[in-house]
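Let me begin by presenting the structure, written as structure tokens, before commenting on it.
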Amino acid sequence: MAAAKEEIELQGVRLTSPDKVLYPEQGVTKRELAEYYLAVAGVMLPHVARRPITLVRCPTGRARKCFYQRHAGSGMPAELKQIPIEGFEEPYLYLEDVRGLVALVQMGVLEIHPWNSHVDQPHKPDQVIFDLDPGEGLAFPDVVAAAHELRARLAGLGLRSVPKTTGGKGLHLVVPIERRYEWRDVKSFAKAVGDLMAKDAPDRFLTKQSIAERRGRIYIDYLRNDPTSTAVAPYSTRSREGAPVSVPLTWDEVVPDLDPRAFTVRTVPARVAGLTADPWADIAGLKQRLPKLT
DNA sequence: GCTAGAC
DNA sequence: GTCTAGCAACGCTTC
DNA sequence: GAAGCG
Ligand SMILES: [Mn+2]
Ligand SMILES: [Mn+2]
């Protein structure tokens, strides 16, 4: 039995201990995770490249100690760049291309949380995110129904939106916007829309965080729209059991029997390879304006 | 995973 | 040389 | 002012 190779190179980026297991339940290794990101890089990078990122790192595997990281410290691969951002003391991390994704795997990153803005205009978000979090007692079909209702509500305001799974129990809706608003305006718009939903159906929606009050309802988490409070990226893995992935969907895929746990590091590459078009293709780069909500 | 500091 | 600690942080909510 | 939440 030959010893496992201690170091390989992928896209010119060093990957040490490629056989180290990061997801023990499934036996997913660093090498397999890196190959996953190579497989999805083409569809993922438009949502991740050149945006400041916050990372969830589990260098000794998801079962051991994991930690958040937003700034470089020392000892980051050169493929992970840094950018100073006005209003923050320390520079933020970002990546440019697939080599940056491999470098994240080398650093044991299991979750990538990008800003809703780019490094060239970090204070001008280019999308609004609505995070639908089901309370205890609700099942995924309830989240699906909520997503369609929120979609219709946004459409009534003249806004197109697209859905994605989160890798957990909820769904995200993404609304691309023109880069002309400040963070506080985007966040207050998201809260206003959530409040409209909660006003019309207080038995089904709320915009308050309280876990206790959430039972049987869906929390419309508008607070993701802040540079210090991000949401997981499209095609990012989660550090949870099963190596689940956040996956962009078309609206006709958002049906009650959808099983978000079916999207994993092992299954999503085949989905991406079989796509004839990006599920979000027709809204890519839309420069929508937010209506005034008093 | 990597580094800096303590021993 | 070896071992260990650190690696985010804040806006909104209720109490 | 402190604690829960993500
Ligand atoms: Mn969520
Ligand atoms: Mn949430």
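Note that the structure is a prediction, hence the values are computed from the model and not measured. In what follows, chains carry the letters A, B, and so on, assigned in the order in which the sequence lines appear, proteins first and then strands, with residues in each chain numbered from 1.
Atoms NZ (K169(A)) and P (dG6(D)) sit 11 Å apart, rounded to a whole Å. Going from atom CG of D226(A) over to atom C1' of dC5(D) covers 14 Å, rounded to whole Å.
In the region residues 72-90 of chain A, proximity to DNA chain B at under 4.0 angstrom, judged on heavy atoms, holds for S74(A), G75(A). Residues from residues 205-224 of chain A that place a heavy atom under 4.0 Å from any atom of DNA chain C, listed by number: K208(A), Q209(A), Y222(A), L223(A).
Within the 4.0 angstrom heavy-atom criterion, only backbone atoms of the sugar-phosphate kind lie near K20(A); the bases stay farther away. Residue contacts for R14(A): at a heavy-atom cut-off of 4.0 Å it reaches the sugar-phosphate backbone alone, with no base atom in range.
With a cutoff of under 4.0 Å to any heavy atom of chain A, the contacted region of DNA chain C is bounded 5' to 3' by dC7(C) to dT14(C).
Under the 4.0 Å criterion applied to side-chain N and carboxylate O atoms, D142(A) and R204(A) are not assigned as salt-bridge partners. Contact check on D120(A) versus R179(A) returns a salt bridge, with a Lys/Arg side-chain nitrogen under 4.0 Å from an Asp/Glu carboxylate oxygen. A salt bridge links R51(A) with D126(A): the closest approach of a Lys/Arg side-chain nitrogen to an acidic carboxylate oxygen falls below 4.0 angstrom. Look at E182(A) and R184(A) and you find no salt bridge, because none of the NZ, NE, NH1 or NH2 atoms lies under 4.0 Å from a carboxylate O. Salt bridge E241(A)/R62(A): absent, no basic N to carboxylate O contact under 4.0 Å. A salt bridge between D97(A) and R99(A) is absent, with no side-chain N of the basic residue lying under 4.0 Å from a carboxylate O of the acidic one.
Applying the salt bridge (Lys or Arg N to Asp or Glu O under 4.0 Å) rule to E96(A) yields the partners R50(A); only residues at least two apart in sequence or on another chain are considered. Take S117(A) and apply the side-chain contact (heavy atoms from CB on, under 4.5 Å) test, not counting sequence neighbours, and it matches W115(A), P122(A), W183(A).
Between the side chains of Y37(A) and T237(A), at least one donor-acceptor pair of N or O atoms lies under 3.5 Å.
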Extract all donor-acceptor atom pairs below 3.5 Å that involve side chains of residues 166-174 of chain A and protein atoms in other chains or at least two apart in sequence.
| from | atom 1 | to | atom 2 | distance (Å) |
| --- | --- | --- | --- | --- |
| T166(A) | OG1 | G168(A) | N | 2.9 |
| H172(A) | ND1 | K164(A) | NZ | 2.9 |
| H172(A) | NE2 | D131(A) | OD1 | 3.4 |

